[in-house]
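The structure under discussion appears below in the form of structure tokens.
Just so you know, these numbers come straight off a predicted model, no measurement behind them. Residues: numbered from 1 along the sequence shown.
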Amino acid sequence: MVRIVMSTHASPRSAESGPASGRKRIKPHQLVIAIGCFMGVFTLVSGVLPLITGWHTEKTPSREVFDGIPGPLQVAFYTVIPAMLVWGAFAFADRVKNWERGAPDRRRTTSKNIKRRLADFRAGAYMRTLLRDSAAGVMHSMIYFGFLVLLGVTTVLEIDHQMPVDLKFLHGRVYLAYSFIADLAGVVFLVGIIWAVVRRYVQRPYRIRIKTKPEHALILGTFFLVGVTGFFAEAFRIALFARPGYEKWSFIGYPLSQLFDGLSVDRLDFWHQVSWIAHVVSFLLFLAILPITMLRHMFTSPLNMYLKDRQRPKGAMKAMPNLTETSLETFGASVVEDFTWKQLLDTDACTMCGRCTSVCPAHATGKPLDPREIVLKTGEVMAASAAHGHVSPPIGTDGEITISSSSLFERITAEEVWSCTTCKACDEICPVNIEILDKILDMRRYLSLMESNFPGELGTAYRAMENQGNPWGINQGERGDWANDLDGVTVVSPGQPLTAEYLYWVGCAGSFDDKNKKVTQAMAKLLRRAGIDVAILGPSEMCTGDSARRSGNEYLFQMLAMPNIEMLDGMGVRKIIAQCPHCFNTLKNEYPQLGGNYEVIHHTQLLENLIDSGKLDVSRASLEERITYHDSCYLGRHNDVYLAPRKVVGSIKGLEVVEMQRNGTKGMCCGAGGARMWMEESIGTKVNDERALEALSTGASRVATACPFCYIMLDDGVKAAGVEEDQVKVADIAIHLLDAIEAGERALATQRAPLAPAAPSDN
């Protein structure tokens with residue numbers, strides 16, 4: 001049995017690696033060469049066959065293929081085109097060989113994921129992902145669909161060319177429709193190209209301007225020549241054959257042909273051949289630059305979109321083996337070969353559109369990170385270190401840049417890697433499903449575990465997590481103190497079975513931070529109102545390890561996670577309420593990698609369920625204020641929870657809900673994710689200050705959060721803007737909801753209070 005695999009690595013680096021197999025393997029680059037050679041031979045045969053058969057149609061309206069084109073030019077066409085197809089296959093195969101350098105990655109198509117894979121492919125192929133940016137999406141769609149239709153038109157003409165006389169179909173009304181569609185596609189294609197030229201060289205948006213290279217002009221110029229020479233070749237052909245009336249269906253070529261009325265037949269014949277040669281040469285130029293410029297994304301991007309589905313949840317990092325038992329000698333990614341083949345394919349699928357750059361909070365606030373550069377620099381190192389010969393980089397580089405090895409850190413600095421807030425905005429907006437965050441996190445693993453190259457403040461948090469079980473560095477004995485004055489909160493010890501339906505995972509911030517203790521208390525009161533007794537672990541609860549893992553310290557993450565899992569399993573825990581989205585994501589998506597499987601619900605989801613079911617009475621909840629909601633990255637983009645918090649806020653009467661400019665999938669990070677909570681922010685504007693100003697610009701008197709980190713960061717940002725709590729109240733949704741319920745009850749109590757007796761008169 002023959003099986004196609006993408007990597008020949010013997011040792012998998014993660015749990016996503018597939019098992020080794022002794023079966024005969026066809027390497028992907030060999031498959032690419034085979035396909036290219038087949039296409040070359042097929043094209044050559046398609047040119048020879050009509051010369052042998054001599055099948056010509058006599059029906060009209062129609063036209064002969066190569067009408068007016070001398071035999072030597074036809075021979076040249078069917079010689080050079082196949083040669084270019086074969087050359088292109090070998091050139092593209094060199095790129096594929098680079099992907100094969102990567103570690104294994106399970107991206108197999110199975111009966112379970114085939115529907116998702118096809119849906120992902122359709123989303124890209126139908127331009128849905130690009131159309132999220134309407135202007136750029138429409139422009140690219142015009143080029144893309146126009147080119148595809150023109151390619152289809154040429155293919156249909158060639159198919160008809162091969163058919164016996166009785167089976168030829170390109171005549172009569174079919175030919176008229178064919179002519180109209182061909183010209184329409186040409187117009188759409190050329191308008192798209194002109195639009196692209198204006199956008200890149202006249203409008204020049206920032207994300208496009210900073211990455212414009214000479215090859216962009218070459219690509220756009222080549223496409224423009226393909227379109228223009230095609231119309232002129234058509235116009236001269238129509239003029240040469242006396243402009244038959246049915247050619248009016250070529251609504252561009254026919255009017256254009258009228259410009260040549262004064263030319264003799266010989267001159268028309270000459271210019272027809274010249275324009276045809278120019279059209280073919282421009283197409284040959286397209287074939288020449290296809291595998292060696294960013295045009296390769298015509299193939300790599302659809303492939304990348306098809307391979308989007310993977311065997312781990314969206315919010316989970318790649319699994320690693322037990323670090324106390326593994327035989328691996330290096331961790332994370334420091335060289336090209338440490339990335340998986342899919343991560344290397346990403347670099348060639350990139351369209352350099354810069355959408356990731358435009359939404360990166362670190363880049364927007366002046367930090368060293370540009371997500372697009374992470375992809376392109378990885379591709380540069382991969383191309384420069386190819387052992388099988390010269391491979392062009394993803395996009396042209398400056399001449400003074402030299403790369404001497406396959407080390408990623410020849411081009412990527414530690415400062416770039418540590419600037420990331422892991423908000424996943426870059427991954428979410430990428431129209432071709434490039435996984436940028438995984439690359440950054442893999443490099444963090446190397447820097448942290450192998451080089452101990454991490455910010456000093458992070459080292460303080462590491463020691464606190466290791467010694468006190470939480471990054472705040474506070475005594476674990478104080479973890480349950482927030483509940484001292486509350487009824488209905490049960491503290492269970494690890495030796496006791498959990499009898500409550502839910503375990504309330506408070507988290508480190510909800511236990512130790514003064515702001516977030518109020519959130520925990522508010523949530524406990526709401527749950528009590530709904531008739532749900534709260535069971536907590538108190539001093540036995542330890543940090544889930546999110547900050548350790550997101551900063552690359554997998555060893556510390558496992559040291560925290562494994563005892564937590566052992567404790568939870570020993571207590572028979574099945575359902576967990578998580579107050580922190582970081583805890584929610586880790587418990588739900590990453591603990592299963594270590595054997596801990598639980599049904600985890602975020603507190604906003606639970607509140608939504610309790611309100612919908614009527615268990616939590618909000619009929620009197622009322623606030624006559626304006627509120628805006630800030631999306632938590634780890635609740636939203638990492639886990640697609642967007643509606644639950646908004647429904648909870650929307651259940652409050654009298655509340656005017658306004659959205660910030662950046663919201664939902666395009667929401668801006670607070671700046672604390674990816675362990676940035678524990679690192680100093682000394683370069684550029686603080687991310688939380690930028691986000692706080694956006695919240696204040698809505699005119700809201702309340703800002704709702706659903707994450708303890710977001711609460712801290714936005715509250716600090718609002719105060720840094722000189723706005724105090726009595727002007728704008730930043731708080732978790734639970735606090736706002738409890739405020740509304742209590743305000744409604746106070747209003748009702750005031751209405752029901754008896755009128756005070758009138759004071760006796762002196763008269």
Charged N-O contact under 4.0 Å between [X] and [Y]:
| X | Y | result |
| --- | --- | --- |
| D640 | K314 | yes |
| K211 | E373 | yes |
| K719 | D715 | yes |
| R310 | D438 | yes |

Identify the heavy atoms of [X] and [Y] that sit nearest to each other, and give their distance.
| X | Y | result |
| --- | --- | --- |
| L437 | C426 | N-SG, 4.5 Å |
| P371 | T357 | CD-CA, 4.2 Å |
| M84 | L284 | CG-CD2, 3.7 Å |

ring-ring contact (aromatic ring centres under 6.0 Å, His included) against Y634, all qualifying residues, sequence neighbours excluded: H582, H638
Under the ring-ring contact (aromatic ring centres under 6.0 Å, His included) test, residues paired with F251 that sit two or more places apart: F180
Working for salt bridge (charged side-chain N to carboxylate O under 4.0 Å, His left out), residues E694 and R691: CA-CA 5 Å; E694 190 169 345; R691 184 57 166 171; 3.4 Å; yes
Any [X] side-chain heavy atom under 4.5 Å of [Y] side chain:
| X | Y | result |
| --- | --- | --- |
| H216 | I395 | yes |
| S301 | T351 | yes |
| Y642 | T665 | yes |
| R626 | R702 | no |
| V138 | W195 | yes |

Are side-chain N/O atoms of [X] and [Y] paired as donor and acceptor at under 3.5 Å?
| X | Y | value |
| --- | --- | --- |
| Q343 | D442 | yes |
| D546 | N585 | no |
| R200 | T212 | yes |
| T365 | K367 | yes |
| S385 | R101 | yes |

Main-chain N/O of I436 paired with D427 side-chain donor or acceptor, under 3.5 Å: yes
